[in-house]
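In what follows, a single structure is set out as structure tokens and then discussed.
Please read these numbers as outputs of a predicted model, since none were measured by experiment. Basis for what follows: all heavy atoms, side chains included, without hydrogens, waters or symmetry-related copies. Note on naming: letters A, B, ... go to the chains in the order of the sequence lines (proteins, then strands), and numbering restarts at 1 for each one.
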Amino acid sequence: MAKNQGELTSVLVGRNAMRKKKAKFKSYIFTHPVILGSLLPVVLLSLWEILSRMEVFPSYQLPAPTVILQTIIEMGQEGTLVTHIGITTYRVFAGFILGTVVAVVLGSLVGFYKNAEKLFDPMIQAFRSIPSLAWVPLFILWMGIGESSKITMIAVGVFFPVYLNIVSGILGVDRKLIEVGKMYGLNTIQLIIRIILPASLPSFLVGLRSGLGLGWMFVVAAELMGASQGLGYLLVLGQNTLSPETIIASIILFAIIGKISDWVLKKIEIRSLHWQDRLVK
Amino acid sequence: MSLKLKNVSRTFDGITAVKNFSISAEPGEIIGLLGTSGCGKSTLLRAISGLDNDYDGEISINGNTSKEVDDRTGFIFQEPRLLPWLPVLENVTFGLKGNKETKVQRAKEFLENVGLSGKEQLYPRQLSGGMAQRVAIARALVTSPEILLLDEPFSALDAFTKMQLQDLLLDVWHTYKSTVVLVTHDIDEALYLCDRIVVLRGQPGQIDTEFVIKEERPRQRGGQKLAEYKSEILDRLDLNNTHSYTS
């Protein structure tokens with residue numbers, strides 16, 4: 001009897017251990033970032049699919065997720081998907097580069113030279129208070145509805161956050177670190193390269209990321225105004241042909257490539273700012 | 001190098017911090033500036049370094065009276081002031097010139113002296129306050145400056161590290177015979193290190209007394225002689241009698 005009892009408890013203990021292991025595994029699964037992050041979208045998507053199938057949402061207003069997916073796949077097979085994504089990405093990229101280059105040049109001048117600040121900053125600040133979309137008609141008038149007006153438009157959007165962050169980054173460099181450089185006899189250019197630039201890098205990268213975000217916003221505006229290709233054009237097309245699936249497909253594609261581009265910048269940020277002493281969540 | 005200050009005054013927005021300060025240091029002398037807080041010790045040091053050139057009067061380093069930073073001057077600040085984007089080793093080599101190998105070799109030598117070998121690749125955020133200050137000290141000493149300016153360099157360190165680094169400073173001084181100006185409010189530290197102690201008092205700060213410490217090095221911390229000096233200095237600063245607190 002006693003022997004049996006012993007066996008029984010050992011079996012129980014074994015089971016308990018297994019249960020614990022399982023529980024641990026389960027909790028691991030539920031806290032894994034990918035799983036936790038996709039939990040809500042999956043639930044919402046399934047709900048949406050079911051409700052659409054039950055025709056709670058009329059299909060001419062809100063088609064089912066599968067229909068939208070199908071639209072994207074069809075576009076992919078036709079080959080138009082790549083052209084649309086390609087042209088939109090090209091516009092954002094070109095505008096982003098243009099806006100950033102101008103912002104870096106002006107921002108560094110304003111940051112480094114007091115007189116440049118007095119010369120440029122009031123005007124730039126005045127221009128900043130103009131809602132950037134107000135430029136659209138003027139740019140179209142000046143440059144037509146071709147690529148140049150769109151890229152300029154996006155560049156204007158990218159310019160301001162990058163410029164502002166560069167200036168505040170440079171002005172915010174710790175005087176104490178600059179003094180260290182001065183003690184070692186660095187001249188102005190060496191000071192800029194060895195101390196001011198690395199110290200203002202975090203702020204610059206913040207500017208780049210918010211600039212890129214605005215770039216994606218402005219490409220939609222630019223393409224809505226008049227384009228024959230691009231994701232923004234798909235939005236107009238969907239509206240005119242009463243096909244919400246095209247509109248939603250375009251929105252989803254915007255979300256995906258916008259996220260990817262931001263992710264790339266974020267990776268660069270983490271790479272180049274690993275020295276920062278910041279809170280790790 | 002010799003260092004001469006003649007009638008140096010410094011005024012900040014109408015408030016005079018230091019008035020008519022004159023002193024001259026022989027090459028290889030260690031001078032301590034001692035005084036209570038706010039009497040312009042650090043202001044003087046910044047003027048000597050050339051970081052601040054809005055002073056009146058004349059400061060000459062080896063006869064040169066230009067108000068620019070002389071790159072044979074080293075400065076150890078009160079805070080570490082490490083460049084956070086560079087690892088320890090590159091922080092130490094920051095001010096060194098020449099080819100990379102010798103720079104690294106020298107930096108490693110000094111890091112070992114401050115007890116930080118093996119920490120070369122850490123970033124400043126990974127260091128404790130004391131470690132960071134030791135890196136800063138290594139960074140200043142590695143260039144073997146001919147004039148070394150120290151602004152309460154050891155005030156943030158624990159007692160043991162402090163003594164160890166004071167000895168390191170003396171070692172470096174023995175080898176290179178740098179002229180040293182040490183700002184401190186630690187009387188024991190001044191007595192242990194300095195050939196001459198200048199006591200500053202008042203606002204604006206002015207020279208109150210000068211003590212020449214003739215004691216041979218290595219000195220004995222807390223030795224009889226130094227204790228006598230200490231009591232004398234405390235008297236000068238009115239810190240020995242409680243009367244001064246009430247008046």
Side chain / backbone / both / neither for A:Ile195 at chain B, heavy atoms under 4.5 Å: both

Using a 6.0 Å cut-off, check whether atom CZ of A:Phe127 has over 12 heavy atoms from anything other than its own residue. no

Using atom types as modelled and no hydrogens or angles, find all donor-acceptor pairs between chain A and chain B shorter than 3.5 Å.
| residue | atom | partner | partner atom | Å |
| --- | --- | --- | --- | --- |
| A:Lys176 | O | B:Arg81 | NH1 | 3.4 |
| A:Glu179 | OE1 | B:Arg46 | NH1 | 3.0 |
| A:Glu179 | OE1 | B:Arg81 | NH1 | 2.7 |
| A:Glu179 | OE2 | B:Arg46 | NH1 | 3.0 |
| A:Glu179 | OE2 | B:Arg46 | NH2 | 2.6 |
| A:Tyr184 | OH | B:Arg139 | O | 3.0 |
| A:Arg194 | NH2 | B:Phe94 | O | 2.9 |
| A:His274 | O | B:Arg125 | NE | 3.2 |
| A:His274 | O | B:Arg125 | NH2 | 2.8 |
| A:Trp275 | O | B:Arg125 | NE | 3.3 |
| A:Gln276 | O | B:Arg125 | NE | 3.4 |

For residues 92-119 of chain A, pull every pair meeting ring-ring contact (aromatic ring centres under 6.0 Å, His included), keeping only residues two or more places apart or in separate chains. none

Atom CE of residue position A:Met143 - does it have more than 12 heavy atoms of other residues, nucleotides or ligands inside 6.0 Å? yes

Turns out that what part of B:Phe94 lies under 4.5 Å from chain A's heavy atoms comes down to both

Crowding at CD1, A:Ile130 (>12 non-hydrogen neighbours, <6.0 Å): yes

Any B:Leu86 side-chain heavy atom under 4.5 Å of A:Pro198 side chain: no

